[in-house]
Undergrad: 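The following block contains the structure, expressed as structure tokens.
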Amino acid sequence: MSFRNIATRSQLATRAFSATRAYSSGSTALKERFAELLPGWQSEVKDLKSKYGETVIGEVTLNQAYGGMRGIKGLVWEGSVLDPYEGIRFRGRTIPEIQKVLPKVEGGEEPLPEALFWLLLTGEVPSFEQTKSLSEDLAARSKLPKHVEDLLDHCPATLHPMAQFSIGINALESESEFAKAYANGVGKKEYWKYTYEDSINLLAKLPTIAAKIYRNVFKDGKVAPVDGSVDYARNFATQLGFGSNKEFIELMRLYLCIHSDHEGGNVSAHTTHLVGSALSSPYLSLAAGMNGLAGPLHGRANQEVLEWLVSMKKELKGDFSKEKIEKYLWKTLNSGRVIPGYGHAVLRKTDPRYMAQRQFALKHMKDYDMFKLVSTIYEVAPKVLKEQGKTKNPWPNVDSHSGILLQYYGLTEQSFYTVLFGVARAFGVLPALIIDRGLGFPLERPKSFSTEKYKELVESLAKK
Ligand SMILES: CC(C)(COP(=O)(O)OP(=O)(O)OC[C@H]1O[C@@H](n2cnc3c(N)ncnc32)[C@H](O)[C@@H]1OP(=O)(O)O)[C@@H](O)C(=O)NCCC(=O)NCCS
């Protein structure tokens with residue numbers, strides 16, 4: 001399953017799509033291609049602002065100010081847009097579409113995350129050759145500095161893997177080309193180039209950090225070397241210790257793609273962007289985003305789901321009937337807890353990322369008891385949540401499925417799951433940081449009021 005001779009399928013897929021979208025041509029390297037595209041985007045944004053800069057694009061209610069700013073338009077995020085009913089589109093493409101058009105390895109069926117990175121950064125589907133050159137570039141930059149290895153080796157096994165992940169990323173700041181260039185007074189127009197270098201270096205090193213944490217906490221502490229001739233997900237699977245399982249490698253490809261980007265307002269994306277807007281380096285910005293991903297209402301929900309499923313399985317003693325599951329769901333709700341893996345701040349239907357994982361499970365593990373349990377919960381939970389009447393979205397999200405896929409292949413340590421999500425999320429938020437610097441976005445600084453000030457404001461508005 002190496003990279004050799006896989007061009008035919010991806011070229012065919014590329015041709016099938018080229019009627020509607022632009023494609024990268026030849027073997028242009030990603031940084032050069034971005035540099036070619038950037039001036040066009042800069043003038044597009046400039047024109048848009050000069051024509052419509054004062055157009056009102058929405059209104060804000062007091063409830064939104066107190067309600068986590070749901071639905072307020074105020075961010076720019078080029079990589080993806082999330083429709084409440086349709087789900088995510090990466091640069092205009094749904095998950096089934098990216099599964100179809102992005103390059104794959106020979107014999108593989110899942111898209112390569114490095115190809116998705118290219119798509120998110122440029123808006124173009126890369127050729128197989130372009131993807132391969134990016135994979136090689138990432139592999140060549142994967143080595144960790146010694147102080148980062150030492151630091152991770154000294155973390156206690158009791159420290160949550162996400163806290164270790166954040167420490168590792170922060171410690172890599174020593175490598176920041178952006179920070180060095182800034183200190184040397186580089187001009188604003190050049191910022192994106194250093195942000196690009198940091199982002200590629202970071203993306204390249206994340207699997208080694210993640211694998212080191214996994215192997216230190218749960219295994220023998222040894223991490224396999226990166227092979228420059230294979231793709232990113234295969235190297236990552238090997239470093240984790242699952243490289244001999246072709247299905248697990250395919251799962252990693254799919255997993256990294258579908259967890260990458262979910263527009264700009266979610267906690268990890270927004271935090272990375274916000275911290276980046278202060279011109280903190282990509283290392284510090286991503287680490288901040290990862291601290292947000294570690295929260296149970298965000299990425300850590302995948303760990304919570306697994307813990308909840310394991311307790312449910314224990315209590316149900318093999319009886320996965322709808323009646324028993326329904327009772328268990330009510331028990332969870334009545335104890336004041338949420339049903340983990342259900343609900344969403346934006347989505348109002350089943351998450352297509354859930355469906356992509358369900359398709360994968362149907363293909364590879366349809367008789368697995370934990371998959372059957374997750375499937376039956378899917379039949380019961382929406383009805384229960386509707387009956388409870390609190391959540392605006394009674395349907396499952398991405399986190400409700402991912403854990404059992406990993407369990408099936410033997411990656412059973414659920415406290416590590418959010419780290420996998422974190423590696424994937426870097427594929428979405430790092431292109432956004434490069435674009436932020438390319439388009440010269442300013443420091444982010446929305447307005448806040450105290451309750452007293454809001455009172456004054458709404459009372460004076462009510463009189464008008
Ligand atoms: C994702 C999540 C944080 C979105 O929150 P939100 O935008 O505030 O959601 P809603 O507007 O639908 O919330 C309204 C009410 O329904 C509740 N609710 C939302 N999802 C729920 C769930 N899965 N189970 C039980 N109650 C839920 C909320 O806690 C809130 O209750 P409150 O009025 O007592 O505070 C929420 O759905 C949740 O906690 N889900 C479980 C955790 C999870 O899966 N997170 C991963 C998301 S990808």
Side-chain angles (χ1 to χ4, degrees), residues 113 144 148-173 202-219 221 223 236-237 239-242 252 255-256 258-262 266-276 280-310 338 340-341 353 397-407 411-430 433:
L144 296 184
V148 176
E149 286 193 349
D150 289 347
L151 202 57
L152 293 172
D153 286 342
H154 281 90
C155 284
T158 47
L159 184 61
H160 192 279
M162 275 307 276
Q164 297 195 36
F165 194 48
S166 173
I167 286 171
I169 297 168
N170 271 309
L172 273 178
E173 158 80 0
L202 189 42
L203 204 63
K205 294 178 197 318
L206 288 177
T208 311
I209 295 183
K212 189 138 195 57
I213 294 165
Y214 181 68
R215 304 291 306 176
N216 277 352
V217 176
F218 304 109
K219 307 285 173 186
V223 177
F236 189 24
Q239 288 186 299
L240 291 168
F242 298 84
M252 273 303 101
Y255 186 105
L256 293 174
I258 63 174
H259 285 80
S260 61
D261 208 29
H262 218 223
N266 67 76
V267 171
S268 52
H270 188 188
T271 308
T272 307
H273 162 80
L274 170 67
V275 174
S280 304
S281 76
Y283 298 92
L284 300 179
S285 306
L286 183 72
M290 291 301 107
N291 288 342
L293 191 73
L297 295 187
H298 192 21
R300 189 179 162 146
N302 60 11
Q303 173 182 341
E304 306 259 314
V305 167
L306 216 278
E307 285 160 356
W308 177 73
L309 287 174
V310 168
V338 294
R353 299 172 300 174
N397 60 56
V398 66
D399 296 317
S400 104
H401 214 305
S402 53
I404 63 115
L405 303 179
L406 299 164
Q407 291 278 315
L411 205 165
T412 53
E413 301 86 356
Q414 63 262 20
S415 64
F416 184 72
Y417 289 176
T418 313
V419 176
L420 293 177
F421 194 160
V423 174
R425 186 44 53 101
F427 279 80
V429 300
L430 292 175
L433 271 186

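Just so we're clear, the structure is a prediction, and the values are computed from it rather than from any experiment.
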Undergrad: Would a 4.5 Å heavy-atom cut-off, applied to side chains only, mark R425 and H262 as touching?
TA: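 A side-chain contact under 4.5 Å exists here.
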
Undergrad: Can you confirm whether C155 sits close enough to N216 that some side-chain heavy atom of one is under 4.5 Å from a side-chain heavy atom of the other?
TA: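 SC-SC contact between C155 and N216 ruled out.
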
Undergrad: A211 and F236: which non-hydrogen atoms are nearest, and at how many Å?
TA: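 Heavy atoms only, the tightest pair is N-CE1, 4.4 Å.
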
Undergrad: Would you compute the distance between atom CG of L309 and atom CD of Q414 and round it to the nearest 0.5 angstrom?
TA: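 Rounded to the nearest 0.5 Å, the CG-CD separation comes out at 9.5 Å.
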
Undergrad: Walk me through whether V419 and M290 qualify under side chain to side chain contact (heavy atoms under 4.5 Å, CB included).
TA: CA-CA 9 Å; V419 176; M290 291 301 107; over 6 Å; no

Undergrad: So do F416 and V217 actually touch side chain to side chain, heavy atoms under 4.5 Å?
TA: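 Answer no - side chains too far apart.
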
Undergrad: Could you check whether any side-chain heavy atom of R353 comes within less than 4.5 Å of a side-chain heavy atom of H259, counting everything from C-beta outward?
TA: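 The answer is no; the side chains never approach within 4.5 Å.
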
Undergrad: L420 vs V423, test: side chain to side chain contact (heavy atoms under 4.5 Å, CB included). Steps then yes/no.
TA: CA-CA 5 Å; L420 293 177; V423 174; 5.7 Å; no

Undergrad: Less than 4.5 Å apart, side chain to side chain, heavy atoms only: is that true for D399 and F421?
TA: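 D399 vs F421: side chains touch.
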
Undergrad: When you compare the side chains of T418 and Q303, does any donor N or O come within less than 3.5 Å of an acceptor on the partner?
TA: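 The answer is no; no qualifying pair exists.
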
Undergrad: At what distance, to the nearest 0.5 angstrom, does CD of E304 lie from OG of S400?
TA: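 Spacing of CD (E304) from OG (S400) equals 13.5 Å.
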
Undergrad: Compare every heavy atom of S415 with every heavy atom of P161, then report the nearest pair and how far apart it is.
TA: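 Nearest pair, atom of P161 first, then S415: CG-O, 3.4 Å.
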
Undergrad: With a 4.0 Å cut-off, would you call K219 and E413 a salt bridge?
TA: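 So K219 pairs with E413 through a salt bridge.
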
Undergrad: At what distance, to the nearest 0.5 angstrom, does CG of L406 lie from CG of L306?
TA: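 Answer for the CG-CG pair, L406 versus L306, is 8.0 Å.
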
Undergrad: Are the charged groups of K212 and D153 less than 4.0 angstrom apart, N to O?
TA: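 So K212 pairs with D153 through a salt bridge.
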
Undergrad: Compare every heavy atom of V429 with every heavy atom of L286, then report the nearest pair and how far apart it is.
TA: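 Answer, listing the atom of L286 first, then V429: CD1-CG2, 3.4 Å.
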
Undergrad: Could you measure the distance from the CG atom of L151 to the CD atom of Q164? Nearest 0.5 Å is fine.
TA: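 Output value for this atom pair is 9.5 Å.
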
Undergrad: Once the angle between the rings of F218 and Y214 is folded into 0 to 90°, is it parallel (under 30°), tilted (30 to 60°) or perpendicular (over 60°)?
TA: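 Tilted: the ring planes of F218 and Y214 meet at 30° to 60°.
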
Undergrad: Looking at side-chain heavy atoms only, is the closest gap between V148 and L152 below 4.5 Å?
TA: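 Touching, per the 4.5 Å side-chain cut-off.
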
Undergrad: Identify the heavy atoms of Q239 and P207 that sit nearest to each other, and give their distance.
TA: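 The answer is OE1-CB, 3.6 Å.
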
Undergrad: Of the non-hydrogen atoms in S268 and L293, which two are nearest, and what is the gap between them?
TA: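 Answer, listing the atom of S268 first, then L293: OG-CD1, 3.8 Å.
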
Undergrad: Contact between I169 and L206 at the side-chain level, heavy atoms closer than 4.5 Å - yes or no?
TA: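 Touching, per the 4.5 Å side-chain cut-off.
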
Undergrad: Could you measure the distance from the CD atom of E149 to the CG atom of L144? Nearest 0.5 Å is fine.
TA: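 Nearest 0.5 Å value for the CD-CG distance: 5.5 Å.
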
Undergrad: Working to the nearest 0.5 Å, report the span between CG of L172 and CD1 of I167.
TA: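 Atom-to-atom, L172:CG and I167:CD1 are 12.5 Å apart.
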
Undergrad: If you take all heavy atoms of H298 and G292, which pair is closest and at what distance?
TA: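 That closest heavy-atom pairing would be CD2-O, 3.7 Å.
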
Undergrad: Does S285 use its side chain to pair, donor to acceptor, with the backbone of S281 at less than 3.5 Å?
TA: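 At least one qualifying donor-acceptor pair exists.
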
